[in-house]
Engineer: 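Quick one: the structure is below, questions incoming.
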Number of protein chains: 2
Amino acid sequence: MSDGLQPQTGQSLLFLTDEQLRKGIEAMFFAYRGFTADPDRILTDKSYGRAHHRAIHFIHRSPSTTVNNLLSILGVTKQSLNRVLRTLIEDGLVASTVGQRDKRERHLHLTPAGAALERELSDAQRDRMRAAYRAAGPAAVAGFRQVLEAMMDEETRHHYEAMKDRPE
Amino acid sequence: MSDGLQPQTGQSLLFLTDEQLRKGIEAMFFAYRGFTADPDRILTDKSYGRAHHRAIHFIHRSPSTTVNNLLSILGVTKQSLNRVLRTLIEDGLVASTVGQRDKRERHLHLTPAGAALERELSDAQRDRMRAAYRAAGPAAVAGFRQVLEAMMDEETRHHYEAMKDRPE
DNA sequence: TTGGAATGTCAACAAAGCTGACGTATTATG
DNA sequence: CATAATACGTCAGCTTTGTTGACATTCCAA
């Protein structure tokens, strides 16, 4: 790890010590538990899992997305996604329609029931996020996002960026 | 989600919009993938999983910890941890010694081989973290940590704080 | 001495990931 | 038009990591 001159040259680089990095790693681990705790509770009651949440979330975010596209966003195999998707379709939370231009594709949408669950889940997750944001303040939130973005894989970041500025 | 007056009244509260919160949620999801990617690769080669990594990490951090203590840090059942611990002990990465004051307890340590794997894993994870920290800068890192800490459950935060200021 | 705490183990199960193989439309390409 | 490639679904089987529940052992403490 050669350390050339930094833009912050002259500033303290103590935030790059192994000790500081370890704290960040542990913070990430512990915080992620909190991050998923509230949706997890809701899902358990309905005998769904985190995988269902992820599918619902991204179908909501990218309505009419194809199976293949969802696959690459989630980073799982089609067999794995298919199992989740099948139950969501059977339970009437997701609708799958044959593509018009390309009839091989299936376009995915949330049904009203699916949208209702999506709202319940994201409300719960946002509540905790909002409390954390409010406690930390806007400057901290900007830093939070910056570090997270820098932590992503290249390919992942493209997915993130693509979704970033699409309005709700 | 009604938002009453905030302590920061007068300041911009745009960072608390649902849109901003959603971006934070997605950033968290995508970043966590990157966060675990490098150790995961190393572990797959050795046919271990993320659970083994977590056990090794916290045994390293809290040498001589008991099984019960590790249980509450990791937030899993003893049966689940036991399976992981058993393979690590069989493979000679972790040593379990009967407690002196309380002989019911088992105290856990890393063997030299376990410490070597721990180093390999945390080096990989720190490399990515360091790159992210460096790209974002010290102010962003401070904010990052603040938001993560505010996101934790109460009980989880205690574990985090307890480990926070113990030197390497 | 008796009750409870800490640990370990057996069995059974579920969620969610994986690989590999195969079938079936549909589209693209030679 | 024939063939190749793509998108999707599904079957089978396996792995990791979590869960409950039941039960035994050991040992501390009241």
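This structure is a prediction, so every number in the text was calculated from the model and none was measured. A, B, ... follow the sequence lines: proteins, then strands. Residue 1 opens every chain.
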Engineer: Heavy-atom nearest nucleotide on DNA chain D for Q79(A) versus E105(A): which residue maps closer to 5'?
Structural biologist: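 Counting from the 5' end, the first nearest nucleotide belongs to E105(A).
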
Engineer: Quick check on salt bridge (Lys or Arg N to Asp or Glu O under 4.0 Å): which of R54(A), R61(A), R157(A) does E26(B) satisfy it with?
Structural biologist: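 That would be R61(A); it is the only one of R54(A), R61(A), R157(A) passing the salt bridge (Lys or Arg N to Asp or Glu O under 4.0 Å) with E26(B).
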
Engineer: In this structure, which one of R41(B), R126(B), K46(B) forms a salt bridge (Lys or Arg N to Asp or Glu O under 4.0 Å) with E120(B)?
Structural biologist: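 Answer to the salt bridge (Lys or Arg N to Asp or Glu O under 4.0 Å) test with E120(B) among R41(B), R126(B), K46(B): K46(B).
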
Engineer: For residues 92-99 of chain B, which residues have at least one heavy atom under 4.0 Å from DNA chain D?
Structural biologist: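 DNA chain D contact set from residues 92-99 of chain B: none.
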
Engineer: What is the ring orientation for F30(B) with H159(A), classed by angle as parallel under 30°, tilted 30 to 60°, or perpendicular over 60°?
Structural biologist: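 Parallel.
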
Engineer: Identify the 5'-most and 3'-most nucleotides of DNA chain C with at least one atom closer than 4.0 Å to a non-hydrogen atom of chain B.
Structural biologist: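 Result: dG4(C) to dC10(C).
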
Engineer: Starting at atom CG of N82(B), determine the distance to atom P of dT17(D), rounded to an integer number of angstrom.
Structural biologist: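 Answer to the nearest Å: 14 Å.
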
Engineer: Check every atom of dG18(D), dT26(D), dC8(D) against the side chain of R104(B) and return the nucleotide holding the closest atom.
Structural biologist: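 Of all the options, the side chain of R104(B) is nearest to dT26(D).
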
Engineer: I need the CZ-P distance between R83(B) and dT15(D), as an integer number of Å.
Structural biologist: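 Interatomic distance, CZ of R83(B) to P of dT15(D): 13 Å.
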
Engineer: In whole Å, I'd like the distance from the CG atom of L71(A) to the P atom of dC8(D).
Structural biologist: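 For the pair L71(A) CG and dC8(D) P, the rounded distance is 8 Å.
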
Engineer: Could you tell me how the ring of H57(B) sits relative to the ring of H53(B): parallel (under 30°), tilted (30 to 60°) or perpendicular (over 60°)?
Structural biologist: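 Rings of H57(B) and H53(B): perpendicular, over 60°.
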
Engineer: Quick one: list whatever passes side-chain hydrogen bond (donor to acceptor under 3.5 Å, both in side chains) with T87(B), sequence neighbours left out.
Structural biologist: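 By the side-chain hydrogen bond (donor to acceptor under 3.5 Å, both in side chains) rule, T87(B) matches H52(B).
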
Engineer: Mapping S80(A) and R106(B) onto DNA chain C by nearest heavy atom, which one lands closer to the 5' end?
Structural biologist: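 Upstream on the strand: R106(B).
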
Engineer: Applying a 4.0 Å non-hydrogen cut-off, can you work out what R50(B) is touching in the nucleic acid: base, sugar-phosphate, or nothing?
Structural biologist: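 R50(B): backbone/sugar contact only, no base atoms under 4.0 Å.
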
Engineer: Please determine, for the side chain of A51(B), which listed nucleotide (dG9(D), dC11(D), dG18(D)) has the closest atom?
Structural biologist: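 Taking heavy atoms from C-beta onward, the closest nucleotide is dG18(D).
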
Engineer: If only side-chain N and O atoms of N68(A) are considered, is one of them under 4.0 Å from the OP1 or OP2 phosphate oxygen of dC8(D)?
Structural biologist: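 Result: yes.
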
Engineer: Less than 4.5 Å apart, side chain to side chain, heavy atoms only: is that true for T17(A) and L21(A)?
Structural biologist: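 Counting from C-beta outward, T17(A) and L21(A) never come under 4.5 Å.
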
Engineer: Reckon H52(B) has a side-chain N or O less than 4.0 Å from the OP1 or OP2 of dT17(D)?
Structural biologist: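 Checking H52(B) against dT17(D): at least one side-chain N or O falls below 4.0 Å of OP1 or OP2.
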
Engineer: Does F29(B) have its ring centroid less than 6.0 Å away from the ring centroid of F58(A)?
Structural biologist: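 Centroid distance F29(B)-F58(A): below 6.0 Å, so yes.
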
Engineer: 5'-most contact on DNA chain C: R101(A) or Y48(A), nearest heavy atom basis?
Structural biologist: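 Closest to the 5' end, via its nearest nucleotide, is Y48(A).
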
Engineer: Could you grab the distance from atom NE2 of H109(B) to atom OG1 of T97(B), nearest 0.5 Å is fine?
Structural biologist: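 Answer for the NE2-OG1 pair, H109(B) versus T97(B), is 4.5 Å.
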
Engineer: Whole angstrom is fine here: how far is it from CG in D102(B) over to C1' in dT25(D)?
Structural biologist: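 Those two atoms, CG and C1', are 14 Å apart.
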
Engineer: Do R50(B) and T36(B) meet the criterion of a side-chain donor-acceptor pair at a distance under 3.5 Å?
Structural biologist: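 Yes, T36(B) and R50(B) have a side-chain donor paired with an acceptor closer than 3.5 Å.
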
Engineer: Whole Å only: how far is the NZ atom of K103(A) from the P atom of dG9(D)?
Structural biologist: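 Value for this atom pair: 17 Å.
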
Engineer: Tell me the interatomic distance from L70(A), atom CG, to dA7(D), atom P, rounded to whole angstroms.
Structural biologist: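 Spelled out: CG on L70(A) to P on dA7(D) is 14 Å.
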
